[in-house]
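It should be emphasised that the depicted structure is a prediction, and the values quoted were computed from it without experimental measurement. Per chain, numbering begins at 1; letters A, B, ... match sequence-line order.
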Number of protein chains: 2
Amino acid sequence: MSASTSRRDELLGIAGRLFAQRGFKNTTVRDIADASGIQSGSLYHHFDSKEEMVDELLSTFQTALFATYDDIVGSDLDVRGKVDAVVRASFDAIEQHHDEVAIFQNDAGYLMQFDRFGYLRGHNKRFHEMWTALLDEGTRTGELRSDLDPELTYRFIRDTVWVAVRWYRPGRDHAVSEVADQYLAILFDGITSKES
Amino acid sequence: MSASTSRRDELLGIAGRLFAQRGFKNTTVRDIADASGIQSGSLYHHFDSKEEMVDELLSTFQTALFATYDDIVGSDLDVRGKVDAVVRASFDAIEQHHDEVAIFQNDAGYLMQFDRFGYLRGHNKRFHEMWTALLDEGTRTGELRSDLDPELTYRFIRDTVWVAVRWYRPGRDHAVSEVADQYLAILFDGITSKES
DNA sequence: GTCTATAGTTCGATAGAC
DNA sequence: GTCTATCGAACTATAGAC
């Protein structure tokens, strides 16, 4: 933590780590306080509720992520280049904002039932529209196969990329760029050997 | 429910549905009792604890699933045929035992920390060994690309197949065999169009 | 900014009647 | 096999001192 990191952000980071590891519902306010070296009541000097903590973590992260996506989709890359860039941006997010991605993957379904987290639905919709537009453009330009169901292909890509947060740990096994290389190799060309 | 279904199995099915929908920790014994039309105390005539319910659901399912896998791996199919069959068997499991698969996907990480669910670790290990042996055989026979990291390829296949339980609903959109067709098409050959 | 103390709620599980 | 009634523990959040 840098010297300029506020106490609030420091506590938020500790809470995020625990939410990611054990799930939001399964992490108690006392767990967060213990990990922070303070009493549970003291947390309420910084936050109104446990929900506010996870809300701030998710909304801050998602706002930044979609700005990155918008840049890529608005660029002059071809479809393959855009798919490549979006996938790599997603793996980068797993590396740099691991806790936030893990929380979204594990707890978004639970959180979305509350009004406070309605924006998660909106972000899912945007993400879906971005990908289906990209895949649709790819089949029109002839870069992508036209015999695949766009909806299933979207789910395939989405799941494959984000679920990696379950096992990827920064600084272990592979660099995140290597993981992205391999995933894109399979996604674009498959696992069978080609003799041409 | 058939007439021969025991009351215990009936309650187990109701509990499994709720565990799959809301998560194990987030489903209360009172939720299960309400959905069953009885009082929470009455559940303890059939089960010693909430943990026993999820234990029986997972262990019964996994035992059957691994018997199916063993048959496929022990067959005389070539590697591509075995990969095809294992993936299809997994999608069939998502269709026929949706709740059990969903519980495993969402809560296995939490449950594995308890001694009672240590067998989940053993099953994960067996699954990992089955897949890496299969992929290794495929690169030796020349059926599969040799430039991919076997460990990453394993994770790619595993995640892609099982995560479908998050969105697949039996009798909606696509038959499960169609989903398997599309997933295998991408897995084997990728999403780019090939001009030969 | 953190402490102590606790209110108010909900949880898993038990005991005994029917 | 289900009921009523309840225990003891754990939870989120609050109040007020320092």
Whole-Å distance between [N] [atom2] and [X] [atom1]?
X     : N      : atom1 : atom2 : answer
A:L43 : C:dC3  : CG    : C1'   : 13 Å
A:D34 : D:dC11 : CG    : P     : 10 Å
A:L18 : D:dC11 : CG    : C1'   : 16 Å
A:H46 : D:dA13 : NE2   : P     : 16 Å
A:Q39 : C:dT6  : CD    : C1'   : 14 Å
A:F47 : D:dA13 : CZ    : C1'   : 15 Å
A:M53 : D:dT12 : CE    : P     : 9 Å
A:N26 : C:dC11 : CG    : P     : 14 Å

Measure the acute angle between the ring planes of [X] and [Y], then classify it against the limits of 30° and 60° as parallel, tilted or perpendicular.
X      : Y      : result
A:H97  : A:F61  : tilted
B:Y69  : B:F127 : tilted
A:Y183 : B:F156 : perpendicular

**Request:** Give a yes/no on whether any side-chain N or O of A:H45 is located under 4.0 angstrom from OP1 or OP2 of D:dT14.
**Result:** no

**Request:** Kindly say if A:R7 contacts the phosphate of C:dT2, meaning a side-chain N or O under 4.0 Å from OP1 or OP2.
**Result:**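 Affirmative; the distance criterion is met.
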
**Asked** Taking A:H123 as the fixed residue, which of A:F104, A:F66, A:F117 is the one that meets the ring pair (Phe, Tyr, Trp, His ring centres under 6.0 Å) rule?
**Response** A:F66

**Item:** Atom CZ of B:R166 with >12 non-hydrogen neighbours under 6.0 angstrom
**Value:** yes

**Request:** If a protein heavy atom is under 4.0 Å from the base, mark B; if only from the sugar-phosphate, S; if neither, -; do that for nucleotides 12-18 of chain C going 5' to 3'.
**Result:** BBB----

**Request:** Answer with yes or no after comparing the ring centroid distance for B:F91 and B:Y168 against a 6.0 Å cut-off, counting only values under it.
**Result:** no

